[in-house]
Colleague: 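For reference, the structure I am asking about is given below.
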Amino acid sequence: MNASTANQIYFRQAADELDLSDTMRSLLLTAKREVQVQVAAELDSGAVATFIGYRVQHNDARGPLKGGLRYHPEVDLDEVRSLAALMTWKTAVVNIPYGGAKGGIALDPATLSTRELERVTRSFVDAIHDLFGPDVDIPAPDMGTSAEVMAWIMNQYGKYRGFAPACVTGKPVEYHGIPGREEATGRGVGIVTLKLLSRLGRAIQGTTVAIQGFGNVGTHTAKFLRDAECRVVAISDASGGYHRADGIDVLEALRYAREHRGRLEGFVGGDRISNVELLALDCDVLIPAALGGVLTAANAEAVQAPIIVEAANSPVTPEADIVFAQKNVTVLPDILANAGGVTASWFEWVQNRQHYQWGVNRVRQELDRILGEAFEQVWQLSSSRQVSLRTAAYMLGVGRVARATVLGGIT
Ligand code: GLU
């Protein structure tokens with residue numbers, strides 16, 4: 001099953017609960033615009049490489065289009081289309097005034113030098129500069145992109161339109177970004193995990209957590225939950241997993257990764273396990289924070305954790321979702337669990353536009369408030385309608401977009 005078909009299944013479950021008309025379903029499922037562009041850039045060798053870049057602008061009924069930019073070899077139009085729709089529901093679940101979009105370039109950033117990545121990024125901006133901007137569509141980091149990439153985007157955009165820091169978010173703090181944005185996705189994952197534990201009547205202290213992925217989201221999630229006195233028993237990255245039943249020293253792992261170009265390879269603070277073994281670990285909370293589609297019909301039965309928090313986008317396939325429902329596993333869905341990133345992006349955009357700085361305490365406070373409110377609304381809807389947290393989150397998000405579509409009119 002391809003990625004966008006999978007998300008449409010989740011959409012349909014919510015649309016049925018909301019009793020949406022066929023007309024509204026078609027309006028909400030069809031992307032407003034999908035572009036594919038050639039991205040040609042000179043390599044350090046002097047040769048010219050050609051890549052394919054995408055931007056899918058799914059829906060802007062609630063505000064300007066918003067969503068990350070992914071650099072990964074497996075990026076294709078279907079994946080970007082599905083991630084763009086997720087952004088529409090995500091911004092609506094947390095009730096921030098944006099629509100949803102996503103972009104990407106099919107490339108492996110590890111094979112390019114920094115200067116090559118810069119040229120590729122600037123070339124992509126050359127190709128799409130008239131399709132985005134502060135009031136139109138605002139890109140941000142996603143898998144394989146960073147604050148540095150966002151700085152190049154802002155700078156290149158400025159060559160066409162002048163100074164416009166709000167044209168992109170997730171920028172470096174020293175270059176029109178804000179403190180608190182980088183940690184925000186992981187912090188948000190942590191906040192809603194704690195809320196869920198409380199709602200389920202479980203103790204927080206000593207809760208055992210396994211986290212797949214040690215990138216921006218995985219590292220900040222691990223740190224937040226460690227600070228909240230949960231026990232992080234396993235972490236992993238592309239080099240494999242590291243398990244320690246009485247708790248990984250998260251600060252040590254962070255230090256190790258920082259000193260080894262972001263990688264855990266060679267980390268001795270835990271027994272080596274595979275990524276497959278990590279997903280099946282005996283723990284309280286499993287947090288997939290890396291690639292999509294990692295929990296499938298093939299491995300869902302083996303999962304022992306009673307709680308799964310989707311820090312990555314689309315880590316659970318619809319087939320696995322059915323297995324988890326049958327096993328009574330609680331799944332906290334991506335469009336709520338990882339919405340902290342785009343929420344802090346909104347704070348960055350607001351501050352850029354006001355030429356004003358909030359400071360990190362206010363950023364954290366507002367983030368906690370917004371995610372806390374969204375979690376409560378999803379929880380209440382899930383209880384009152386007797387639906388899963390995923391269906392409740394989709395109902396909240398899809399319902400808000402449908403309402404804005406009716407209010408704004410379509411002709
Ligand atoms: N890429 C992130 C996401 O999937 C953040 C998007 C944003 O900040 O616009 O939610």
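Indexing begins at 1, ligand by ligand and atom by atom, following the structure's order. Because the structure is predicted, anything quoted here is derived from the model rather than measured. Note that these values count all heavy atoms, side chains included, but never hydrogens, waters or copies made by symmetry.
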Colleague: Salt bridge or not between Arg70 and Glu79? Use side-chain N to carboxylate O under 4.0 Å.
Modeller: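 Answer for the salt bridge query: yes.
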Colleague: Need the ligand 1 atom indices (1-based, order shown) with element for anything under 4.0 Å from a heavy-atom of Val342.
Modeller: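 Those atoms are 7 (C), 8 (O), 9 (O).
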Colleague: Indicate yes or no: does an N/O atom of Thr169 lie under 3.5 Å from an N/O atom of ligand 1?
Modeller: no
Colleague: Should Arg364 and Glu183 count as an ion pair when the cut-off is N to O under 4.0 Å?
Modeller: yes
Colleague: Within a strict 4.5 Å, meaning less than it, do heavy atoms of the Ser345 and Arg181 side chains meet?
Modeller: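 Yes; the side chains approach each other to less than 4.5 Å.
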Colleague: What protein heavy atom lies closest to atom 7 (C) of ligand 1? Include the residue and the distance to one decimal.
Modeller: Ala140 CB, 3.3 Å
Colleague: Between ligand 1 and Arg70, can you find any atom pair, the residue atom being a heavy atom, that is separated by under 4.0 Å?
Modeller: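 Per 4.0 Å heavy-atom rule, Arg70 does not contact ligand 1.
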Colleague: State plainly whether the residues Arg12 and Asp16 are in salt-bridge range, i.e. N to O under 4.0 Å.
Modeller: no
Colleague: How far is atom 8 (O) of ligand 1 from its nearest protein heavy atom, and which residue and atom is that?
Modeller: Ser345 OG, 2.6 Å
Colleague: Can you pull out the closest protein heavy atom to atom 5 (C) of ligand 1? Residue, atom name and distance to 0.1 Å, please.
Modeller: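 The closest heavy atom on the protein side is Arg181 NH2, 3.7 Å.
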Colleague: Should Val120 and Leu112 count as side-chain neighbours, where that means a heavy-atom distance under 4.5 Å?
Modeller: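 Side chain of Val120 against side chain of Leu112, heavy atoms only: contact under 4.5 Å found.
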Colleague: Which pairs pass side chain to side chain donor-acceptor pair (under 3.5 Å) with one or both residues in residues 184-198, sequence neighbours excluded?
Modeller: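 Qualifying pairs, neighbours excluded: Arg187-Asp368.
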Colleague: Hey, is Ala344 touching ligand 1 through its side chain, its backbone, both or neither, going by heavy atoms under 4.0 Å?
Modeller: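 It is neither part, as no heavy atom is under 4.0 Å.
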Colleague: For ligand 1, which atoms have a heavy atom of Lys102 less than 4.0 angstrom away?
Modeller: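 Answer for ligand 1: 1 (N), 3 (C), 4 (O).
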Colleague: Quick one: which ligand 1 atoms are inside 4.0 Å of a heavy atom on Gly67?
Modeller: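 Heavy-atom distances to Gly67 below 4.0 Å select 9 (O).
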Colleague: Could you tell me if any non-hydrogen atom of Met150 lies under 4.0 Å from any atom of ligand 1?
Modeller: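 No, that is not the case, since the closest heavy atom of the residue is not under 4.0 Å from the ligand.
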Colleague: Can you list the ligand 1 atoms lying under 4.0 Å from a non-hydrogen atom of Lys90?
Modeller: 3 (C), 4 (O), 10 (O)
Colleague: Does a side-chain heavy-atom distance below 4.5 Å link Asp108 with Pro73?
Modeller: yes
Colleague: Of all the heavy atoms in Ala339, does at least one lie under 4.0 Å from an atom in ligand 1?
Modeller: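 Distance cut 4.0 Å: Ala339 fails for ligand 1.
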Colleague: Could you see which bit of Asn313 sits under 4.0 Å from ligand 1, with heavy atoms only: side chain, backbone, both or neither?
Modeller: side chain
Colleague: Are any of the heavy atoms in Met143 under 4.0 Å away from ligand 1?
Modeller: no
Colleague: Show the numbers, then the answer: is there a salt bridge (charged side-chain N to carboxylate O under 4.0 Å, His left out) between Arg119 and Asp44?
Modeller: CA-CA 10 Å; Arg119 286 194 289 269; Asp44 294 341; 2.7 Å; yes
Colleague: Just to confirm my output: which protein heavy-atom neighbour is closest to atom 9 (O) of ligand 1, and how far is it?
Modeller: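 It is Lys66 NZ, 2.8 Å.
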Colleague: Could you list the atoms of ligand 1 found under 4.0 angstrom from a heavy atom of Met87?
Modeller: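 What qualifies from ligand 1 is 3 (C), 4 (O), 6 (C), 10 (O).
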Colleague: For the residue pair Trp349 and Tyr98, does the interplanar ring angle fall in the parallel (under 30°), tilted (30 to 60°) or perpendicular (over 60°) class?
Modeller: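 The arrangement is perpendicular - the two ring planes meet at more than 60°.
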Colleague: When you compare the side chain of Asp126 with that of Tyr160, does any pair of heavy atoms fall below 4.5 Å?
Modeller: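 Sidechains of Asp126 and Tyr160: in contact.
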